[in-house]
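Right, one structure below, let's go through it.
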Protein chains: 2
Amino acid sequence: MDINDAVASLSALAQYSRLSAFRLLVRAGGEGMVAGDIARALQVPNNTLSAHLSVLQQAGLIYSEREGRSIRYRVEFSGVRALLGFLVEDCCQGSPEVCAPLLEQLLPECCPGEVRA
Amino acid sequence: MDINDAVASLSALAQYSRLSAFRLLVRAGGEGMVAGDIARALQVPNNTLSAHLSVLQQAGLIYSEREGRSIRYRVEFSGVRALLGFLVEDCCQGSPEVCAPLLEQLLPECCPGEVRA
DNA sequence: CAATTATTTCCATTATTCTGGAAATATGGA
DNA sequence: TCCATATTTCCAGAATAATGGAAATAATTG
């Protein structure tokens, strides 16, 4: 992931309907959601949502799979990891002491059962 | 941080010059950088950069402090943490198993000396 | 094959953002 | 006070993004 990819990913998430759709898909987990259900949930016209999903997909944050008449969307977690990795990359090289508190916050939120060394 | 704050923060970072300025400031650490030096480093006119810095500041990602004739900018790490926290929040509630690999990647990158339990 | 359902593509309008010249503000120094 | 430096604000033109109606594509059903 270079800075241009990062701008593309951030731009994709930097819009209300798209961030909402993304969060919906994250919550949906491995099951994902079909386009129509996302549009219904967000109360956005199908064609408008379709354009938004296309942006998220181009950015590598979601992927799609046809399922009969519907198209199912799921989060592309490798893309999400790449973006988050890019964002913390410089931070940690430049000053590791600002990264520790960041993880302190992330760890319990992410993995409640895990223990820090 | 609610979804609207997140859209504002993501929008702030979702532009080449702004993301570049932000990364520069992250690398600069606690010392920060004055506006003119940032503009020079990025080869962007002062007034254009000023507008960009204003967007980053409004989003709570950086803050400024006058220093004589110059104005020094620094990263507002609480804002960065809030954004990253928001992004992983749903992910981890919905499906913790996708969060672990995310941390696996972040931990060594962030805190090379630390050991996982 | 015709009808139905699900979604996307095309396209034009509207809205927002980006950009930088010129003027304004703020500080420090002679 | 006058001048130089650093930065911001004002403003308007150019570029980009968002939106949704209408038509096109794709799959299933009778």
Side-chain angles (χ1 to χ4, degrees), chain A residues 3-25 28 31-76, chain B residues 3-25 28 31-76:
Chain A
I3 188 168
N4 296 297
D5 298 330
V7 168
S9 293
L10 290 165
S11 299
L13 293 176
Q15 201 274 346
Y16 187 85
S17 297
R18 282 199 299 265
L19 184 55
S20 302
F22 177 76
R23 297 182 79 203
L24 215 51
L25 287 176
E31 204 183 328
M33 284 177 80
V34 301
D37 287 345
I38 303 174
R40 218 171 340 271
L42 301 182
Q43 307 201 71
V44 170
N46 284 353
N47 59 349
T48 299
L49 180 80
S50 179
H52 285 317
L53 291 176
S54 168
V55 172
L56 286 168
Q57 185 158 25
Q58 282 301 114
L61 295 170
I62 64 175
Y63 66 96
S64 63
E65 192 180 11
R66 182 167 277 279
E67 193 176 288
R69 278 188 266 217
S70 300
I71 294 180
R72 185 167 294 270
Y73 284 88
R74 292 186 182 85
V75 171
E76 175 78 64
Chain B
I3 188 166
N4 296 296
D5 298 330
V7 167
S9 293
L10 290 166
S11 299
L13 294 176
Q15 201 274 344
Y16 187 85
S17 298
R18 281 199 299 265
L19 183 55
S20 301
F22 176 77
R23 297 182 79 203
L24 215 50
L25 289 175
E31 205 183 328
M33 285 176 80
V34 300
D37 288 345
I38 303 173
R40 220 172 337 271
L42 301 182
Q43 307 200 73
V44 171
N46 285 351
N47 59 349
T48 301
L49 180 79
S50 179
H52 285 317
L53 290 175
S54 169
V55 171
L56 285 167
Q57 185 158 24
Q58 282 301 114
L61 294 170
I62 65 175
Y63 66 97
S64 62
E65 190 180 11
R66 181 166 279 278
E67 192 176 289
R69 280 189 264 220
S70 301
I71 294 180
R72 185 167 293 271
Y73 285 88
R74 291 187 183 83
V75 171
E76 175 78 64

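Nothing here was measured: the structure is a model prediction, and the numbers come from that model. The sequence lines fix the lettering, A, B, ..., with proteins before strands; numbering per chain opens at 1.
- Here the straight-line distance linking atom CD of A:Gln15 with atom CG of A:Leu56 works out to 9.0 Å at 0.5 Å rounding.
- Checking D:dT7, C:dG20, D:dT19 against the side-chain heavy atoms of A:Thr48 singles out D:dT19 as nearest.
- When the side-chain nitrogen and oxygen atoms of A:His52 are compared with OP1 and OP2 of D:dT19, one or more of them lie within a distance under 4.0 Å.
- Between the P atom of D:dA27 and the CD1 atom of A:Ile71 lies a distance of 9 Å, rounded to the nearest Å.
- Protein atom CG of A:Leu42 is 15 Å distant from nucleotide atom P of D:dA18, rounded to whole Å.
- Residue B:Tyr73 places at least one side-chain N or O closer than 4.0 Å to OP1 or OP2 of D:dT8.
- When rounded to the nearest whole Å, the span between CD of B:Gln15 and P of C:dG20 equals 11 Å.
- Computed from coordinates, the B:Asn46 CG to D:dT8 C1' distance equals 10 Å when rounded to whole Å.
- A pairwise comparison of heavy atoms in A:Asp37 and A:Arg40 identifies OD1-NH2, 3.0 Å as the closest pair.
- Protein atom CG of A:Leu49 is 13 Å distant from nucleotide atom C1' of D:dA18, rounded to whole Å.
- A distance of 11.0 Å separates CD of B:Glu76 from OG of B:Ser9, quoted to the nearest 0.5 Å.
- Of the two residues near DNA chain D, A:Arg18 and B:Arg40, the one whose nearest nucleotide lies more 5' is B:Arg40.
- The distance between atom CG of A:Asn47 and atom C1' of D:dA23, rounded to the nearest whole Å, is 11 Å.
- Within 4.0 Å of B:Val34, counting heavy atoms only, lie sugar-phosphate atoms of the nucleic acid but no base atom.
- For the pair A:Arg72 CZ and D:dA27 P, the interatomic distance rounds to 17 Å; values are reported in whole Å.
- Contact check, A:Ser54 against C:dT8: no side-chain N or O comes under 4.0 Å of OP1 or OP2.
- If you measure from atom CG of B:Leu53 to atom P of C:dC18, you get 13 Å, rounded to the nearest angstrom.
- Side chain of B:Ser20 to main chain of B:Tyr16: a donor-acceptor pair is present (N/O by atom type, distance under 3.5 Å, no hydrogens or angles).
- For the OP1/OP2 pair of C:dT7 and a distance below 4.0 Å, the side-chain nitrogens and oxygens of A:Ser70 include at least one atom meeting the criterion.
- Of all heavy-atom pairs between B:Leu49 and B:Ala35, the closest is CD2-O, 3.4 Å.
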Letter per nucleotide, 5' to 3', of nucleotides 24-30 of chain C [B base touched, S only sugar-phosphate touched, - untouched; heavy atoms, 4.0 Å]: --SBB--
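- Here A:Ile62 contributes atom CD1 and A:Arg18 contributes atom CZ; the two are 10.5 Å apart, rounded to the nearest 0.5 Å.
- Here the side chain of A:Arg72 pairs no donor or acceptor atom with the backbone of A:Glu65 at under 3.5 angstrom.
- Residue B:Ser50 has its side chain nearest to D:dT9 when only C:dT8, D:dT9, D:dT19 are considered.
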